[in-house]
Amino acid sequence: MRIGELARRTGVSERALRYYEDQGLLRPERRPSGYRVYGDADVAAVRRIRTLLAAGLSTAQIVQVLPCVVDDEGVLVPGCPELVDELVRQSERIGAAIDELAATRANLDTIITAHRRAS
DNA sequence: TTTCTGACA
DNA sequence: TGTCAGAA
């Protein structure tokens with residue numbers, strides 16, 4: 001199928017699909033016309049890419065992760081142990097970011113409260 | 001009509 | 001990522 005159909009079947013824009021290729025996430029074949037040709041497997045691949053992206057992984061990480069991830073009714077099961085290691089660190093960084101934001105909000109709320117009481 | 005590449009009031 | 005241009 002060409003990019004238009006893949007876009008419809010995955011709900012991902014053609015622009016994004018070309019971007020994924022630039023990042024090495026997808027490697028469609030090329031027709032002599034230059035048109036990209038995708039296989040049915042790419043529909044699943046795009047879905048995996050989307051969920052990985054939604055999990056906060058960078059395209060660079062996904063390039064390495066993709067080959068070691070296995071299907072399972074929508075849930076992605078990482079196959080490589082090295083990968084799990086990196087994902088754990090990724091999760092820890094998110095946790096740290098959440099803590100920092102919470103602290104920032106606490107400070108902000110203190111200021112807001114002070115303003116209201118002064119008004 | 002569809003897709004391609006490159007570029008950005 | 002959207003979107004527009006200019007070409008195939």
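On the nucleic acid side, DNA chain B contacts chain A at distances under 4.0 Å to non-hydrogen atoms, with the end points of that region at dT2(B) to dA7(B).
Taking each heavy atom of Gln61(A) and Gly56(A) in turn, the nearest pair found is OE1-O, 4.4 Å. Contact detail for Leu25(A) and Leu66(A): the closest heavy-atom pair is O-CD2, 3.7 Å. Minimum heavy-atom separation, Ala7(A) to Ser13(A): CB-C, 4.4 Å. For the residue pair Met1(A) and Asp40(A), the shortest heavy atom distance occurs at CE-OD1, 3.8 Å.
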Original post:
Given Arg2(A) and Glu5(A), is the side chain to side chain contact (heavy atoms under 4.5 Å, CB included) satisfied, shown in steps?
Top reply: CA-CA 6 Å; Arg2(A) 290 177 306 188; Glu5(A) 187 181 342; 5.8 Å; no
(message) What verdict does the side chain to side chain contact (heavy atoms under 4.5 Å, CB included) test give for Val12(A) and Tyr19(A), after you've listed the backbone C-alpha separation in whole Å, the side-chain angles of each residue and the deciding distance to 0.1 Å?
(response) CA-CA 11 Å; Val12(A) 175; Tyr19(A) 175 67; over 6 Å; no
### Task
Kindly indicate, with the supporting measurements, whether the criterion side chain to side chain contact (heavy atoms under 4.5 Å, CB included) is fulfilled by Thr59(A) and Asp22(A).
CA-CA 10 Å; Thr59(A) 53; Asp22(A) 285 337; over 6 Å; no
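The residues Glu100(A) and Arg105(A) are annotated as not salt-bridged, no charged nitrogen and carboxylate oxygen being separated by less than 4.0 angstrom.
In this structure Val37(A) satisfies the side chain to side chain contact (heavy atoms under 4.5 Å, CB included) test together with Glu29(A), Arg31(A), sequence neighbours excluded.
Proximity of residues 53-66 of chain A to DNA chain C (heavy atom under 4.0 angstrom from any strand atom) is not detected for any residue. Of the residues in residues 8-23 of chain A, those placing a heavy atom less than 4.0 Å from an atom of DNA chain C are Ser13(A), Arg15(A), Ala16(A), Tyr20(A), in numerical order.
By the neighbour-count criterion of 12 heavy atoms within 6.0 Å, atom CZ of Arg30(A) is densely surrounded, having more than that number from other residues, nucleotides or ligands.
Atoms OG1 and CG, on Thr10(A) and Leu17(A) in that order, are 5.5 Å from each other to the nearest 0.5 Å. With rounding to the nearest 0.5 Å, the separation of CG in Leu52(A) from CZ in Arg47(A) is 15.0 Å. Rounding to the nearest 0.5 Å places CD1 of Ile3(A) at 11.5 Å from CZ of Arg8(A).
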Every protein N/O within reach of nucleotides 4-8 of chain C N/O, cut-off under 3.5 Å:
none

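As judged by a 4.0 angstrom heavy-atom cut-off over every strand, Arg31(A) is placed among residues making no nucleic acid contact.
Judged by distance alone, the side chains of Arg9(A) and Tyr38(A) never bring a donor and an acceptor atom under 3.5 Å apart.
Taking a pair as Watson-Crick or G-U wobble with both distances under 3.5 Å, DNA chain C forms stems of 3 or more consecutive pairs at B:2-8 with C:2-8.
Put simply, the side chain of Asp42(A) gets close to the backbone of Gly39(A): a donor and an acceptor are under 3.5 Å apart.
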